[in-house]
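The structure displayed is predicted, hence computed values, not measured ones.
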Amino acid sequence: MRPLIDAVEAAAWTDAVRIDVRWTLGGDSKEAEYAAGHLPGAVWLDFDRDVCGPVGPVGGRHPLPDPEALQGVLRAAGIDDGTPVLVYDGGDGMSAARTWWTLRWAGIEDVRVLTGGLAAWTEAGLPWRPRSRSAPLAT
């Protein structure tokens, strides 16, 4: 199975749970960007909080998460062992690739990264969920 998938293929992959992990090293959370617009049905995961473990005296800036904590996050997102998952970010691929690796480490086998992230999706003219000014925040 190829780990990368283009926007057109990803749009046709309708049984996958879509995970938005937009993130910037040293930057603020991108959750507001997710709230402003995301792939239809996408679930927000905070890269630092949900995909990585807490920073400690050892383990680096983004250590692996506690397996039970990750399992809880994934279950809340609608993911179990047999669930196909599409991961995307803002386009540089860093957080999406790391999330792919983490999910594979956790035993999720059918995980793919959207090449080019949200930008590739919108450039392909595919629908996304912009938040209207009057609409409440929702996935």
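Scanning both residues, T115 and A120, for their nearest heavy atoms gives O-CB, 3.2 Å. I19 and A77 get closest at one heavy-atom pair: CD1-CB, 4.2 Å. Looking at every heavy atom in both residues, A7 comes nearest to A124 through CB-CB, 4.1 Å. For H38 against D20, the heavy-atom pair with the smallest separation is CB-OD2, 3.8 Å. The nearest pair of heavy atoms linking L86 to A10 is CD2-CB, 3.8 Å.
In this structure, D89 contributes its side chain and A96 its backbone to a donor-acceptor pair below 3.5 Å. Checked by atom type and distance alone, the side chain of W121 pairs as donor or acceptor with a backbone atom of P127 at under 3.5 Å. Under the 3.5 Å distance criterion, the side-chain polar atoms of R18 are left unmatched by any main-chain donor or acceptor of V85.
With a 4.5 Å cut-off on side-chain heavy atoms, L103 and L74 count as touching. Counting only heavy atoms from C-beta outward, the side chains of W101 and L64 approach each other to under 4.5 Å.
Atom CG of D110 and atom CD1 of I79 lie 11.5 Å apart (nearest 0.5 Å). In this structure, CG in L118 is found 12.0 Å from OH in Y34, a value given to the nearest 0.5 Å. To the nearest 0.5 Å, atoms CD1 (I108) and CG (D81) are separated by 5.0 Å. Here K30 contributes atom NZ and W44 contributes atom CH2; the two are 8.5 Å apart, rounded to the nearest 0.5 Å. Atoms CG and CG, from L70 and L45 in turn, are 9.0 Å apart once rounded to the nearest 0.5 Å. One finds the OG atom of S95 at 9.5 Å from the CG atom of D48 (value rounded to the nearest 0.5 Å).
Of the candidates Y88, W100, W13, R112 forms a side-chain contact (heavy atoms from CB on, under 4.5 Å) with just one, namely W13.
Heavy-atom contacts from other residues, nucleotides or ligands closer than 6.0 Å to CD of E9 number more than 12. Within a 6.0 Å radius of CG in D15, more than 12 heavy atoms belonging to other residues, nucleotides or ligands are found.
A chain of hydrophobic side-chain contacts below 4.5 Å, direct or via other Ile, Leu, Val, Met, Phe, Trp or Tyr residues, connects V51 to W105.
Legend: residues meeting salt bridge (Lys or Arg N to Asp or Glu O under 4.0 Å) with D66, ordered by chain and number and at least two apart, are absent.
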